[in-house]
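A quick write-up on the structure given underneath.
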Protein chains: 2
Amino acid sequence: MSQHRHPGAPGRAGTVPALPDLPEATVARLPVYLRALHQLAENGHETVSSEGLASAAGVNSAKLRKDLSHLGSYGTRGVGYDVEVLIGQIESVLGLTQSRAVALVGVGNLGHALAGYAGFASRAFRIAALFDADPARVGEEINGLVVHHVDELARVAVEERLAIGVIATPAGAAQAVADQLVAAGVRSILNFAPCVLSVPEGVDVRKVDLAIELQILSFHEHRKASLTGLPAGGPAHTLTTRPGDAPPTDPQEAIGT
Amino acid sequence: MSQHRHPGAPGRAGTVPALPDLPEATVARLPVYLRALHQLAENGHETVSSEGLASAAGVNSAKLRKDLSHLGSYGTRGVGYDVEVLIGQIESVLGLTQSRAVALVGVGNLGHALAGYAGFASRAFRIAALFDADPARVGEEINGLVVHHVDELARVAVEERLAIGVIATPAGAAQAVADQLVAAGVRSILNFAPCVLSVPEGVDVRKVDLAIELQILSFHEHRKASLTGLPAGGPAHTLTTRPGDAPPTDPQEAIGT
DNA sequence: TAGATTGTTAATCGATTAACAATC
DNA sequence: TAGATTGTTAATCGATTAACAATC
């Protein structure tokens with residue numbers, strides 16, 4: 001999923017204060033804990049046990065304690081974790097104390113939705129620039145931002161210090177966009193286009209892929225159906241295989257028009 | 001991520017022809033292979049080696065062969081895999097030979113984008129019903145489908161044999177929607193709302209969470225920055241921690257308005 | 001002190017990978 | 001046959017989990 005170096009790996013020259021080396025699985029859960037902690041804080045909790053936080057986050061408490069142990073020790077035996085302290089600690093580890101400029105490339109259906117996304121309008125991320133390849137869309141204003149032509153990416157990247165690129169273009173355009181982002185110095189990419197991106201070492205790519213998620217669910221539905229007799233929803237109908245058909249799930253665009 | 005039983009686990013009473021027991025990691029990659037295979041087919045390839053397919057899918061060939069070995073043996077030593085045969089095999093394992101009815105709950109910004117998603121309009125998935133809690137939105141027509149009130153979920157679920165529920169509501173509404181979906185017999189849920197859902201055993205939940213993806217990227221950016229001196233995009237500016245601030249990334253809606 | 005809860009240990013499990021014998 | 005490539009083995013790695021000693 002994510003293509004990246006593990007810069008904290010043992011053996012590198014130690015010129016910087018060693019950052020804790022977190023397992024990827026832990027990194028992926030910290031944002032979930034953080035969200036649960038914010039909810040707890042809103043509800044007036046000053047302290048929470050590993051059991052309480054784990055259940056709010058939907059994991060078991062052993063895993064939670066193991067994860068938090070990688071950050072150092074921030075709990076009190078017999079008491080639990082101080083909610084505000086733990087929030088600060090996780091935000092610090094995730095680098096959320098910096099505000100990162102996000103570029104959104106592709107302002108189709110999905111791009112429009114993402115441009116209005118509240119998650120962007122947070123302290124840690126601000127959507128700083130919009131791009132599209134369609135001249136008809138360039139100049140359009142969305143949420144107070146003007147859409148640039150994608151060829152301006154390099155220039156704007158420098159001006160706005162773009163740190164993260166979000167690709168919401170058709171699959172056919174995504175690799176070229178990724179190349180442009182990388183050339184512009186962006187080393188973190190979130191890809192909504194249904195395709196594999198190839199990027200140089202040191203660039204992180206994460207992907208969000210609706211078709212893949214649906215197909216994984218389909219697998220488990222299929223399993224459940226073949227085990228329990230007939231399912232609640234029921235298999236709508238069996239499709240006859242017609243070789244040569246159009247691919248069932250390979251849309252031209254990240255989100256079609 | 002996914003909460004589900006492993007129905008094919010050893011030890012169950014064997015009343016059905018045993019389905020191959022696939023590792024979750026393999027299941028998650030099969031859709032990627034499938035997409036790559038469709039591209040190869042479009043480009044006229046009749047045969048592909050594990051090396052060729054692996055590189056198109058962005059994995060190494062050992063992993064690909066291992067994954068495919070779980071499906072049985074469909075390659076020819078010295079030659080490779082027949083593209084069409086392998087497509088058929090993967091589609092069959094993923095249950096993509098059935099057409100599944102998808103319910104989309106929440107037709108805000110994101111919901112609208114998803115309703116137009118080409119991945120839904122495939123042979124394996126058809127978007128069969130739209131729901132919203134906002135009376136002002138009920139009755140609206142999107143892509144040829146009328147928006148129902150969410151209270152009609154149970155009735156429509158039976159009529160349309162809904163198999164998969166996609167939640168694109170605000171976080172605050174998501175759990176109630178999930179409960180209604182489960183009550184209506186839906187056992188596969190794709191959750192775009194930024195919250196943890198709790199569902200009974202036997203129900204699969206997969207989540208797509210933009211804020212989490214951004215925060216994971218942020219972690220690696222942070223790492224890269226602290227290692228290599230200053231990054232290309234540069235840390236825009238350091239935020240002062242103001243305890244009591246609004247949560248940085250816990251939007252009220254899956255995609256805000 | 002007694003009860004509660006953390007942080008850590010060690011066992012287990014699942015996933016990845018390289019190497020290579022089998023075989024087309 | 002010789003070259004190519006699969007399917008499988010076995011070693012390695014990372015993640016999960018339960019249990020419990022440490023300690024508030």
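FYI, side chains are in, hydrogens and waters are out, and symmetry mates aren't considered; it's all heavy atoms of this structure. Just so it is clear, the structure is predicted and the values come from calculations on it, not from any experiment. Letters A, B, ... are given to chains in the order of the sequence lines, protein chains preceding strands, and every chain is numbered from 1.
Put simply, CG on B:Asn60 is 13 Å from P on D:dT6, counting in whole angstrom units. Going from atom CG of A:Leu64 over to atom P of C:dT5 covers 14 Å, rounded to whole Å. Taking atom CG on B:Leu86 and atom C1' on D:dT6, their separation rounds to 13 Å, with Å as the unit. Regarding B:Leu71, its CG atom lies at a distance of 15 Å from the C1' atom of D:dT8, rounded to whole Å. The CG atom of A:Leu68 sits 8 Å away from the P atom of C:dG7 (whole-angstrom rounding). Between the CZ atom of B:Arg65 and the P atom of C:dA15 there is a distance of 19 Å, given to the nearest Å. Atom NE2 in B:His70 sits about 10 Å away from atom P in D:dT8, given to the nearest Å. Atom-to-atom, OH of B:Tyr74 to C1' of D:dT5 comes out at 19 Å; the value is rounded to the nearest Å.
Side chain A:Arg77 to base C:dT6: a donor-acceptor pair is found below 3.5 Å.
Between A:Thr97 and A:Glu91, the side chains place no donor N or O within less than 3.5 Å of an acceptor N or O (distance only, hydrogens not considered). For the residue pair A:Gln175 and A:Asp179, a side-chain donor N or O sits within less than 3.5 Å of a side-chain acceptor on the partner.
Of the listed residues (A:Asp67, A:Leu94, A:Leu71), just one forms a side-chain contact (heavy atoms from CB on, under 4.5 Å) with A:Leu22, and that residue is A:Leu71.
Comparing atom distances between the A:Lys63 side chain and each of D:dA15, D:dT16, C:dG7 picks out D:dT16 as nearest. Taking only side-chain atoms of A:Thr76, from C-beta outward, the nucleotide of D:dC24, C:dC24, C:dA15 with the closest atom is D:dC24. Distance from the side chain of A:Glu24 is smallest for D:dA15 among the nucleotides C:dT17, D:dA15, C:dT5.
In this structure, D:dG3 and C:dC24 make a Watson-Crick or G-U wobble pair, each of the two defining distances being under 3.5 angstrom. Look at C:dA11: its Watson-Crick or wobble partner, with both distances under 3.5 angstrom, is D:dT16.
A 4.5 Å side-chain heavy-atom check between A:Arg123 and A:Ser99 finds every atom pair outside the cut-off. A heavy-atom distance below 4.5 Å is not found between the side chains of B:Phe219 and A:Leu96.
Nucleic acid contact for A:Ala25: sugar-phosphate only, since backbone atoms but no base atoms lie under 4.0 Å from a heavy atom of the residue.
Taking only side-chain nitrogens and oxygens, A:Ser50 comes nearer than 4.0 Å to OP1 or OP2 of C:dT6. Regarding contacts with the backbone of D:dC24, every side-chain N or O of A:Tyr81 stays at 4.0 angstrom or more from both OP1 and OP2.
When each of A:Val79 and A:Lys66 is assigned the nucleotide of DNA chain C bearing its nearest heavy atom, the one mapping closer to the 5' terminus is A:Val79. Place A:Arg29 and B:Gly75 on DNA chain D by their nearest nucleotides, and B:Gly75 ends up nearer the 5' end.
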